[in-house]
Amino acid sequence: MRVALDPGPRGERMRLRRLAEDGTPIGPPETVTAAEVRALERGCSPRWVLARQHRYRRLLAAGITLGRNHDVELVEGILVAADGRFGEPHGLAAAAARLTGREPPPDPPAPAHDGDGLFDTGPADELADIVAVHAAQQRTLARGPAGLRLLAAAESAGALVAGEMHAHGLPWRADVHDALLTEALGPRPVHGGRPPKLAALAEQVREAFGRPVNPDSPAELIRAFARAGHELGTTRSWELRRIDHPAVAPLLAYKELARLHSAHGWSWLRTWVRDGRFRPEFVVGGVVTGRWATRGGGALQIPKAVRAAVRADPGWKLVVADAAQLEPRVLAALSGDHRLAPGTDDLYSALADREFGGDRSKAKLALLSAMYGGTAGEAGELVARLRQRFPAAMAYVDGAARDGEAGRLVRSHLGRTCPPAGPLTTAAAARARGRFTRNFVVQATAAEWALVMLAELRAALRSAGSPAQLVFFQHDEVMLHVPEEAAGEVVDAVHAAAATAGRRLFGDTPVRFPLTPRVVDGYDER
DNA sequence: TAGGTCAGCGCC
DNA sequence: AAAGGGCGCTGACCTA
């Protein structure tokens, strides 16, 4: 059974309507309490049809967790794009308007950060729209390829995972973070200004130039180096490293520490960590390829330098699992060029031994360039060698690139469709579009594998009654916070979820998708 | 003062 | 040596 559920603007009077699988109502609208929703979930665990990702926050706040769902707005986004109308509004109101031939209103702006989501004011009564749009989506999905149905289910499950990750929060030790900042930067300045070690490096830069230069200002640096006889195009660190000048060493050191201070320093800590938890908002499908985005705190760019602050609570462990070389494996499965991904754990080493004289870095560069469209320098020659040895794999990405250059759309394995091209009036624009579509087919399919894996993992843990909490997800890596005694079964569940995801996407492909969990106290531990 | 863009760099 | 895909965030800098 399916149940359309509208938690309403406050969450105290929830409204629902029971539906058949195809979305046809099989009962009248009902007004229910949170306890009644929990009882329904316990009793027959229906697939809950919700308007949008954000709605689950309110349910969680009311003590309700759901097993399975259908997220109307996420699914609408996928269907609109699949229809070649990427970018058209896909909010519930717009979808309902299209059904009745009315002009779709623009999507409302994303809700502001509001803690537990209780202040989000949506339309007063969305239940009728949810029911109608869901039924139309079920008709469309039933007509379409099976992959799209799997994608709709996985994307929807993502909304549940994302809501729960936000609710659990990533365990974050402010004291550990503060200690490593103090170690790197010196004591926190009480009245603002640069921390001592940054100030000292800025002074060394000034001395090297013999005049005041703001090391934070690219324009000033370029002028200062020009006066010293070094013409720079940019002040990127790799470019600075090539020139011989006494300011370079302190400047590079300054840049590295300044980055830590500004992006993940004390101000970040005060803004984003509360009561030992970092709670970014995960935006399902926030990236065109289907990768998730986050809002708040730059959660997908936690630098290695501060990962020691992510620590399990006493008596708990972190289970950190990342997929090894996911994208080349996805390419091997997509293209059927299975020799590209032999049954070894390190695909780059295996490739290096067979094709690149044991040079792993060459093998890695070759594969990445094949998927990104890199041609410059050594990459062009390495990709040419790949093209000779793995014609099917290369034909797959080359075909996607040609489609892009010609202005055609490309799709992921399950059917996520790329956005349309802008005007391809120059050869450079066409090539850039080709690099985008070349990468899209691989990145988007890798995102699908990760999404299905995440959904499988959540479902397995939930049905086992595991106390493990999903707390972080970053493209091809997932983290759980688990009571120590439950870590073993979580490790097993991780392996199983990876294997299941591979099968659900690619059937009985010989390509393996190893997802290797490590049980640790801190995120910095290998 | 408030808003935009750019450069730069962190992550995958 | 320094190029090729996807992002978010910061400070500098510019404009309204």
Side-chain angles (χ1 to χ4, degrees), chain A residues 192 194 198 213-223 232-243 251-252 254-265 267-268 271-272 280-283 285-307 322-328 330-331 361-362 364-383 386 397 400-401 404 410 412 416 418-419 428 431-447 449-450 472-478 523:
Chain A
R194 290 192 175 110
L198 265 186
V213 173
N214 178 5
D216 289 320
S217 167
E220 274 190 48
L221 286 171
I222 285 178
R223 281 195 295 273
L232 289 171
T234 72
T235 60
R236 289 186 174 89
S237 45
W238 59 260
E239 197 164 347
L240 290 172
R241 261 183 269 275
R242 289 163 45 191
I243 62 177
L251 180 55
L252 290 173
Y254 176 91
K255 276 171 165 280
E256 194 175 329
L257 288 184
R259 173 81 194 173
L260 174 66
H261 180 237
S262 70
H264 287 94
S267 144
W268 182 93
T271 307
W272 297 111
E281 182 181 346
F282 291 89
V283 185
V287 177
V288 292
T289 56
R291 280 184 171 184
W292 291 12
T294 60
R295 288 168 53 188
L300 300 184
Q301 300 113 255
I302 300 170
K304 298 210 161 48
V306 303
R307 290 185 178 185
D322 66 318
Q325 303 140 0
L326 177 58
E327 294 192 351
V330 161
L331 175 56
S361 66
K362 275 191 182 179
K364 181 173 178 179
L365 177 63
L367 265 176
L368 292 178
S369 300
M371 292 183 297
Y372 291 162
T375 55
E378 197 185 8
E381 178 224 328
L382 296 176
V383 171
L386 276 188
V397 283
V410 297
S412 69
R416 194 186 301 273
C418 74
R431 278 196 303 273
R433 175 70 182 179
R435 286 193 299 272
F436 168 69
T437 50
R438 170 190 294 272
N439 183 249
F440 181 94
V441 293
V442 177
Q443 189 183 118
T445 303
W449 178 87
F472 192 61
F473 174 57
Q474 185 180 35
H475 311 315
D476 61 358
E477 171 177 329
V478 61
Y523 190 21

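Proteins come first, then strands; the chains are lettered A, B, ... in the order of their sequence lines, and each starts at number 1. Because only heavy atoms are used, hydrogens play no part in the values below, and waters and symmetry mates are left out as well, while side chains stay in.
- Atom NZ of Lys362(A) and atom CD of Glu378(A) lie 5.0 Å apart (nearest 0.5 Å).
- Rounding to whole angstrom units, CZ of residue Arg236(A) and P of dA2(C) are separated by 13 Å.
- Out of dC11(B), dG11(C), dC13(C), the shortest distance to the side chain of Ser262(A) is found at dG11(C).
- Using a 4.0 Å heavy-atom distance criterion, Asn214(A) is classed as a sugar-phosphate-only contact.
- The nucleotide whose nearest atom lies closest to any side-chain atom of Val288(A) is, among dA3(C), dC7(C), dG4(C), dC7(C).
- In this structure, CE of Met371(A) is placed 13 Å from P of dG5(C), rounded to the nearest angstrom.
- Counting to the nearest Å, the C1' atom of dG10(B) and the CG atom of Leu257(A) are 14 Å from each other.
- Phosphate proximity of dG4(C) to Asn439(A): absent, as no side-chain N or O sits under 4.0 Å from OP1 or OP2.
- Closest contact between the side chain of Val287(A) and the listed nucleotides dG5(C), dC7(C), dC12(B) involves dC7(C).
- Of the N and O atoms on the side chains of Tyr254(A) and Arg259(A), not one donor lies less than 3.5 Å from an acceptor on the other residue.
- Rounding to the nearest 0.5 Å gives a distance of 5.5 Å between CZ of Arg241(A) and CG of Leu252(A).
- Atoms CG (Leu331(A)) and C1' (dG5(C)) sit 14 Å apart, rounded to a whole Å.
- Remark: P of dA2(C) and CD1 of Ile243(A) are 14 Å apart, rounded to the nearest angstrom.
- Taking the side chain to side chain donor-acceptor pair (under 3.5 Å) definition, one finds that Gln325(A) meets it with Arg329(A), Asp346(A), sequence neighbours left out.
- Closest approach to the Arg259(A) side chain among dG8(C), dC11(B), dG11(C) is made by dG8(C) (side chain taken as heavy atoms from C-beta onward).
- Counting any heavy atom pair closer than 4.0 Å across all strands shown, Ala379(A) reaches no nucleic acid atom.
- Rounded to an integer number of Å, the gap from Lys362(A) NZ to dA1(C) P is 15 Å.
- Side chain of Trp238(A), nearest nucleotide from dC13(C), dA2(C), dG11(C): dA2(C).
- When each of dG10(B), dA12(C), dC9(B) is scored by its nearest atom to the side-chain atoms of Lys255(A), the top-ranked nucleotide is dC9(B).
- The base of dG8(C) sits within donor-acceptor range of the side chain of Gln301(A), with an N or O pair under 3.5 Å.
- In this structure, Gly286(A) reaches neither bases nor backbone, as no heavy-atom distance under 4.0 Å exists between it and the strands shown.
- Between the CH2 atom of Trp292(A) and the P atom of dG6(C) there is a distance of 21 Å, given to the nearest Å.
- The side-chain ring of Tyr372(A) is not stacked on the base of dG4(C), judged by centre separation under 5.5 angstrom and plane angle under 30 degrees.
- OP1 or OP2 of dA2(C) lies within a sub-4.0 Å distance of a side-chain N or O belonging to Arg242(A).
- Proximity note for Ala219(A) (side chain, C-beta onward) versus dG5(C), dC13(C), dG8(B): the nearest is dC13(C).
- Ion pairing between a basic and an acidic side chain is recognised when a charged N comes within 4.0 Å of a carboxylate O; Asp216(A) and Arg194(A) show such pairing.
- Arg291(A) contributes a side-chain N or O that forms a donor-acceptor pair with the base of dC12(B) under 3.5 Å.
- With dC12(B), dG6(C), dG8(B) as the choices, the nucleotide that has an atom nearest any side-chain atom of Thr234(A) turns out to be dG8(B).
- For Ser217(A), a side-chain nitrogen or oxygen approaches OP1 or OP2 of dC13(C) to under 4.0 Å.
- Among all heavy-atom pairs drawn from Val383(A) and Ala366(A), the shortest one is CG2-O, 3.8 Å.
- Among the heavy atoms of the strands lying under 4.0 Å from Gln474(A) are primed sugar atoms or P, OP1, OP2 only; no base atom is included.
- Per the geometry, CD belonging to Glu281(A) stands 18 Å off P belonging to dC7(C), to the nearest Å.
- Relative to the side chain of Asp216(A), the nucleotides dG6(C), dG11(C), dC9(C) differ in distance, and dG11(C) lies closest.
- Of the charged side-chain nitrogens involved, none lies within less than 4.0 Å of a carboxylate oxygen, so that Glu239(A) and Lys255(A) do not count as a salt-bridged pair.
- At dG8(B), one or more side-chain N or O atoms of Thr235(A) fall inside 4.0 Å of OP1 or OP2 (strictly under the cut-off).
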